[in-house]
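In what follows, chains are A, B, ... by sequence order, proteins preceding strands, each numbered from 1.
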Number of protein chains: 2
Amino acid sequence: MKLPLFNESFTKISEEKRNKILQTATDYFAEHGFESSNINMIAKKAGISIGAMYSYFSSKEALFSTVIHYAVETLKSVMDDIMKGDDELLSKLEKIIRAVQVNSRTNVLYTKLYGQLTAENRSDLTSQIVADIESVTTGLYTALLEQAQKEKIIRNDIDPRLFAFFLDNLLITLQFSYACTYYRERLKLYAGEDVFSDDDLVATQLMKFIKGALLLN
Amino acid sequence: MKLPLFNESFTKISEEKRNKILQTATDYFAEHGFESSNINMIAKKAGISIGAMYSYFSSKEALFSTVIHYAVETLKSVMDDIMKGDDELLSKLEKIIRAVQVNSRTNVLYTKLYGQLTAENRSDLTSQIVADIESVTTGLYTALLEQAQKEKIIRNDIDPRLFAFFLDNLLITLQFSYACTYYRERLKLYAGEDVFSDDDLVATQLMKFIKGALLLN
DNA sequence: AGAAAAAGAGCGAATGCTCACTCACGTAGA
DNA sequence: TCTACGTGAGTGAGCATTCGCTCTTTTTCT
C-alpha cells in the first residue's frame with residue numbers, strides 16, 4: 001500500500017497556483033480535521049473548480065496526504081540542520097528544545113495538523129503517515145542514545161528504544177504546549193501566566209529533567 | 001453553557017437495557033470516533049429502534065456526552081483510589097502507570113475526547129469535563145512533588161510545577177500510546193510489535209526514567 | 001499559411017450515497 | 001378508551017465524486 005499523493009497534472013500548473021492550493025488546504029484541514037473538511041469548499045477558497053481539484057488529486061485522501069507530506073518535509077529539514085552539527089547528545093537535545101519553542105510558535109498550523117491527524121482514527125491512512133513522519137525522529141533518537149551509551153555518557157542499564165520514546169514524548173508535548181490553545185492553557189495551569197515569556201526557565205528545567213533521567217550516577 | 005446529556009426517559013428503562021445501550025455506544029464511539037459513528041447503527045446493535053434512541057438522547061452529541069461522562073467518572077474513581085492510599089510518591093506513580101496500561105480500553109474514549117479537544121477549536125461539547133480533570137491532576141501532581149521535596153525524597157533544585165508538568169506529559173503520552181491508533185503505531189515503531197504484550201518492560205523503564213529525573217543525586 | 005481536427009485543461013451542475021433526525025402509526029397495559 | 005412507550009420507513013441536508021460540456025492549445029492535413 002502506498003500513500004496516494006498528487007497526480008501528474010498538479011506538477012504542471014504554476015508554482016503560485018500550487019502554493020495557493022496547498023496553503024488553503026493546509027489551513028482548512030488544520031481547522032476542521034480530515035472528516036469534517038469539505039473538498040468543494042477548499043477548491044472554492046483556493047479559487048479553482050472541483051473538477052480541477054480532482055484532476056490534481058484523485059481523492060480527498062490524496063490531497064490530505066500531500067498536505068501532510070509537505071509539512072513533514074519542513075520538519076525534516078529543521079531536524080537535519082540540528083543533527084548535522086557535531087555537538088554532543090545534550091547540546092543537540094537543548095537545540096531541539098529551543099527549535100521546538102521557536103518553530104512551533106511560527107508554525108502553529110503544522111502542529112495543529114499533527115494534532116488533527118493523531119485525533120483521527122483512520123487506521124489505513126494513519127499507519128502510512130506515522131511511518132512517514134515518525135521515522136524521521138524514531139531512528140534518530142534511538143541511535144543518538146545508543147551512541148551515547150557506547151561513549152559511556154549516559155547510563156547503560158536502560159533500553160535505548162524506550163528511553164528515546166519517552167524523550168520524544170516530552171518533546172512532542174512541549175511542542176503542543178507552545179502551539180495548541182488547549183495545551184497552552186494546561187501549561188499555564190501548571191506554571192502560571194508568565195511561562196510563555198520565559199523560554200529559558202522551561203528549557204533549563206526540561207534539560208534538568210532529561211539529564212537526570214539519562215545521565216550516569 | 002450546559003452539556004447535553006440523556007433525557008428523563010432514559011432513567012426509566014431497566015438497568016440492563018441502559019447498560020446495553022451505553023456499552024454498545026461506548027464500543028462504537030471508541031472504534032469510530034465521533035464524526036464517523038452512526039447512531040442508526042448503534043441503535044440497531046443495542047437492539048432498540050432509532051426512535052427509542054432519540055427519546056433517550058435528544059442528539060448524537062447528547063449520547064456522546066453521556067458516554068464520555070461515564071468514562072470520566074470511571075477514570076476519576078481509579079485515580080481517587082490510587083491517591084487515597086498512603087503510598088510514597090514513587091509507588092503512587094507506578095500504580096498510575098499500571099492503571100493506564102490496564103484501563104487502556106476505557107481510556108480510548110478519554111483519549112479521543114482529549115485529542116478532539118486539543119485539535120479542534122470548537123470545543124463547546126466537552127471542554128468542561130476535560131477542564132475539570134485537568135485542574136484536578138494539575139494541583140495533585142504539583143502538591144505531590146512539593147511534599148516529596150519537603151520530605152527530601154526528591155531533588156530540591158527544581159521547579160516542582162514544571163517537573164509536575166513534564167511528569168504529566170509522560171503519563172498522558174503513555175495513555176495515548178495505549179489508547180489511540182496513531183500513538184500505538186508510533187510506540188511500535190520505537191519498541192517493536194511486542195511492546196503491547198510486555199507491560200512490565202514499559203512500566204519498569206518508565207519508572208527508571210522518572211526516578212532518574214526526580215530523585216536526589 | 002489557413003482550416004480542420006484532436007487533445008487537454010478547467011468547469012460546475014448533477015449524481016448517488018450516507019446519515020442525523022422526524023413522525024405517523026402500532027401496541028400493550030391501565 | 002386513553003396514555004406511554006416504542007417502531008422504522010421516510011426526509012432532507014451534506015458532501016465526495018463524476019461527467020458532459022466549453023474553451024484553449026497543439027497537431028494534422030490540404
(request) Could you list all the side-chain hydrogen bond (donor to acceptor under 3.5 Å, both in side chains) pairs where at least one residue sits in residues 43-57 of chain B, not counting sequence neighbours? (result) none
(request) Might you confirm whether atom CE of A/Met41 has over 12 heavy atoms from other residues, nucleotides or ligands at distances under 6.0 Å? (result) no
(request) Return yes when atom NZ of A/Lys95 has more than 12 non-hydrogen atoms of other residues, nucleotides or ligands closer than 6.0 Å, and no otherwise. (result) no
(message) Using the salt bridge (Lys or Arg N to Asp or Glu O under 4.0 Å) criterion, which residues pair with A/Lys20? Sequence neighbours excluded.
(response) none
(message) Going by the rule salt bridge (Lys or Arg N to Asp or Glu O under 4.0 Å), which residues pair with A/Asp198 if we only count those two or more places apart in sequence or in a different chain?
(response) none
Could you tell me the separation between the [atom1] atom of [X] and the [atom2] atom of [N], rounded to a whole number of Å?
| X | N | atom1 | atom2 | result |
| --- | --- | --- | --- | --- |
| A/Lys44 | C/dC11 | NZ | C1' | 13 Å |
| B/Ile42 | C/dA20 | CD1 | C1' | 12 Å |
| B/Met53 | C/dT22 | CE | C1' | 16 Å |
| A/Tyr54 | C/dG10 | OH | C1' | 16 Å |
| B/Phe29 | C/dC19 | CZ | P | 13 Å |
| B/Asn7 | C/dC21 | CG | C1' | 13 Å |

Report, one pair per line, the protein and nucleotides 12-15 of chain C atoms (nitrogen or oxygen only) whose separation is under 3.5 Å.
from: C/dG12; atom 1: N7; to: A/Gly51; atom 2: N; distance (Å): 3.3

(message) Based on the rotation axes of five pairs at each end, what angle does the helix from C/dA1-D/dT30 to C/dA30-D/dT1 bend through, to 10°?
(response) 30°
(message) Measuring only between side-chain heavy atoms, which start at C-beta, is B/Leu89 closer than 4.5 Å to B/Ile210?
(response) no
(request) Please examine the side chains of B/Ser91 and B/Glu94, heavy atoms only from C-beta on, and report whether any two atoms are closer than 4.5 Å. (result) no
(request) Compare side-chain N and O positions of A/Tyr56 against OP1 and OP2 of C/dA9 and report whether any pair is under 4.0 Å apart. (result) no
(message) Counting only heavy atoms and a strict 4.0 angstrom limit, can you tell me which residues of residues 10-24 of chain A come near DNA chain C?
(response) A/Lys17
(message) If the condition is side chain to side chain contact (heavy atoms under 4.5 Å, CB included), which residues does A/Thr204 pass it with, not counting sequence neighbours?
(response) none
(message) Run the side chain to side chain contact (heavy atoms under 4.5 Å, CB included) test against B/Thr142 and tell me which residues pass, sequence neighbours left out.
(response) A/Tyr190, B/Glu146, B/Arg161, B/Ala164
(request) Could you check whether B/Ser58 gets within reach of a base, just the sugar-phosphate, or nothing at all, counting any heavy atom under 4.0 Å? (result) nothing
(request) Check every strand shown and say whether B/Ser59 touches a base, only sugar-phosphate, or nothing at a heavy-atom separation below 4.0 Å. (result) sugar-phosphate
Pull out every protein N or O sitting under 3.5 Å from an N or O of nucleotides 27-30 of chain C, one pair per line with the distance.
none

(request) Enumerate the residue pairs fulfilling salt bridge (charged side-chain N to carboxylate O under 4.0 Å, His left out) with a member in residues 162-175 of chain A, sequence neighbours excluded, ordered by first and then second residue. (result) A/Asp168-B/Arg186
(request) If the plane angle is over 60° it's perpendicular, under 30° parallel, otherwise tilted; pick one for B/Phe64 and B/Phe29. (result) perpendicular
(request) Over 60° means perpendicular and under 30° means parallel, so classify the ring planes of B/His32 and B/Tyr28, tilted if in between. (result) parallel
(message) Given the ring of A/Tyr178, does A/Arg184 sit roughly above its face, with NZ or CZ under 6.0 Å from the centre of the six-membered ring and within 45° of the axis?
(response) no
(request) Could you list where the contact with chain A starts and ends along DNA chain D, reading 5' to 3', using a 4.0 Å heavy-atom cut-off? (result) D/dC15 to D/dT18
(message) According to side-chain hydrogen bond (donor to acceptor under 3.5 Å, both in side chains), who are the partners of B/Arg18, at least two apart in sequence or on a separate chain?
(response) none
